[in-house]
Engineer: 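After the structure tokens below, expect a handful of questions from me.
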Amino acid sequence: GRTGRPRDRGGVRRIVNSPRVAVVGGGISGLAAALALGDRAPGARITVFDSADRIGGRIDTSPFAGVDHVDEGADAFLARVPEAVALATRVGLGDDLVSPEAVGAAVWHDGLHPIPDGLLLGVPGRIGPLARSGLLSWRGKARAALEPLLPRTSTDDDSIGAYVRARFGDEVHERLVDSLVGSIYAADTDSFSLVEVPQLAALARDNRSLLLAARRQRAAQGTATAASGPIFAAPRSGMSALTTATAGAFETAGGTIVTGASVESIEHSDDGFRLAVAGDGRADSPFAAVVFATPARATAAIVADVAPDAAALLARAETADVIMVTLHVGADQWPDRLRGMSGYLVPKPAQRWVTAASFGSQKWAHWRPPAGGEILRVSLGRDGVGVLHLSDDEVLRAVIDDLERHLGVAIEPLEVRITRWPGAFAQYRPHHRSWVGDVERALPAGMFVTGAGFGGIGIPACVRSGTAIAEQVHGQLTSLEE
């Protein structure tokens, strides 16, 4: 390696001893961390290990119904927060980003009801649209209308459900907030941390009345819409394009990615960390730092010997399993009354199996099948409701039965794709942030955790988490050098 004092090269300190860094997990968090660390520490030798035969983690895209790129997991990211858009631009996908069609969505409760105007993550910001909606009973509407008159509600419980029920009553929570937030996180919001949903947390922290605060924020957003652009975006060639391009940029900069490499354990000695990689023989390769971008329980098993206290905490993490069913529905089976919609959500009390359905080819113009018809993506599973025990035939029957119940359409799909995502969604229990802090303090110096289990669900949050960890690793390497 290089010798002498570090030199300032464009504001990035070059690590003179070329320390080795391992990133365990090749999902978006691990790839973002590896790329960011490579940018900040050009002298470091960084290796990403992933147990799968591909990179991307829970982001995957494949052909379906004659369309080359139909996502099997997330199909978009928030564009009004900077991290994912910035990463896409950094890896050459900025001009490839597209946005959903301007179509509305609905909530199913004894029929489809358009989502009322003026909501902010399900929180009402206007009484008028809520009063005109058939989604709530008159009793539920009257209870919601009292919200601006109530005194401030404590957030000490750190539960979305407890807070929203106290402000608006059960109907607004169950049919609006839990429907929207619960579908995003596959969560039971009665057991989900309020602090970990930043928009809701900010409303609750800074205001007495959520309705009045949501009204002000929605008005501000409306004024800024033209300048800020669409709410969501995605690469035209699917979300896998983002992970593939990020991996390509990392390798072009000198990084190494090893797939099919399952890290089984880690040891710590004077010369660094040694990884035992199944069938690979890298156990004797020392690393100055290791970043775990793996699910919390998987990380617990790896670090059990070197960090037993951290492993015990990590093993407590809870997740929700989901199944994504993609259907090609013939044009003759799709009624005109469902056109112009992006899909619908099902409130928890009304759910049998389906939690949400996306009318994908009405949401995304580039998903329209060449043979005609529609592409639907239907979600099953959430916190507290297991689905992985169902066979493929049982999954398909549950989906078709629920769609007929919700839409009044007996669907006979032309093509079906079933994607199973075990442990796909980390469940942030109340006071989740304290747990994260305990985990980080229990890890030895030089070991780090990042990803959806810790610092935020959603692609921008994962990119932010990975980038923040890269800063910490860079600081660690710099202190070692000095």
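None of these values were measured; they are calculated from a predicted model. Numbering of residues begins at 1 and proceeds along the displayed sequence. All values below come from the heavy atoms of this structure, side chains included, with hydrogens, waters and symmetry mates left out.
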Engineer: Going by an N to O cut-off under 4.0 Å, is there a salt bridge joining Arg165 and Asp190?
Structural biologist: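 Between Asp190 and Arg165 there is a salt bridge, with a charged N closer than 4.0 Å to a carboxylate O.
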
Engineer: Would His406 and Tyr344 count as a close aromatic pair, with their ring centres under 6.0 Å?
Structural biologist: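 Yes, the ring centres sit under 6.0 Å apart.
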
Engineer: Checking Asp50 now: which residues fulfil side-chain contact (heavy atoms from CB on, under 4.5 Å) with it, not counting sequence neighbours?
Structural biologist: Ala52

Engineer: With distance as the sole criterion, is a donor-acceptor pair present between the side chains of Ser137 and Glu171 under 3.5 Å?
Structural biologist: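 Glu171 and Ser137 do have a side-chain donor-acceptor pair below 3.5 Å.
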
Engineer: In this structure, are over 12 heavy atoms from other groups packed under 6.0 Å from Arg339 atom CZ?
Structural biologist: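 Above 12, so yes.
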
Engineer: State plainly whether the residues Glu101 and Lys363 are in salt-bridge range, i.e. N to O under 4.0 Å.
Structural biologist: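 Salt bridge absent between Glu101 and Lys363.
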
Engineer: Side chains of Trp421 and Asp321: donor-acceptor distance under 3.5 Å anywhere?
Structural biologist: no

Engineer: Indicate whether the side chain of Ser62 and that of Arg417 have a donor and an acceptor atom separated by less than 3.5 Å.
Structural biologist: yes

Engineer: Can you find a side-chain donor-acceptor pair between Asn207 and Arg216 that sits under 3.5 Å?
Structural biologist: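 Their side chains do contain a donor-acceptor pair, which is all the 3.5 Å distance test asks for.
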
Engineer: Under 6.0 Å between the ring centres of Tyr185 and Phe425?
Structural biologist: no

Engineer: Go through the structure and list residues passing side-chain contact (heavy atoms from CB on, under 4.5 Å) with Ala245, not counting sequence neighbours.
Structural biologist: Val91, Leu93

Engineer: Is Arg405 paired with Asp401 through a side-chain N to carboxylate O contact shorter than 4.0 Å?
Structural biologist: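 No, no charged N to carboxylate O under 4.0 Å.
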
Engineer: Quick one: do the Thr450 and Ser29 side chains pair a donor with an acceptor below 3.5 Å?
Structural biologist: no

Engineer: If the threshold is 4.0 Å, N to carboxylate O, is there a salt bridge linking Asp60 and Arg54?
Structural biologist: yes

Engineer: Whether the Trp435 and Glu440 side chains hold a donor-acceptor pair (N or O, under 3.5 Å, no angle test) is what I'd like checked.
Structural biologist: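 On atom types as modelled, these side chains do not qualify, holding no pair under 3.5 Å.
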
Engineer: Name each donor-acceptor pair under 3.5 Å that joins a side chain in residues 110-129 to protein atoms two or more places apart or in another chain, with its distance.
Structural biologist:
unit_1 : atom_1 : unit_2 : atom_2 : d
His113 : NE2    : His109 : O      : 3.0

Engineer: Looking just at side-chain N and O atoms, do Thr326 and Glu72 make a donor-acceptor pair shorter than 3.5 Å?
Structural biologist: no

Engineer: Take atom CG of Asp95 as the centre, draw a 6.0 Å sphere, and report whether it contains more than 12 heavy atoms from other residues, nucleotides or ligands.
Structural biologist: no

Engineer: Within the 3.5 Å criterion, strictly below it, is a donor on Gln351 or Arg382 matched to an acceptor on the partner's side chain?
Structural biologist: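 Judged by distance alone, the side chains do pair up.
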
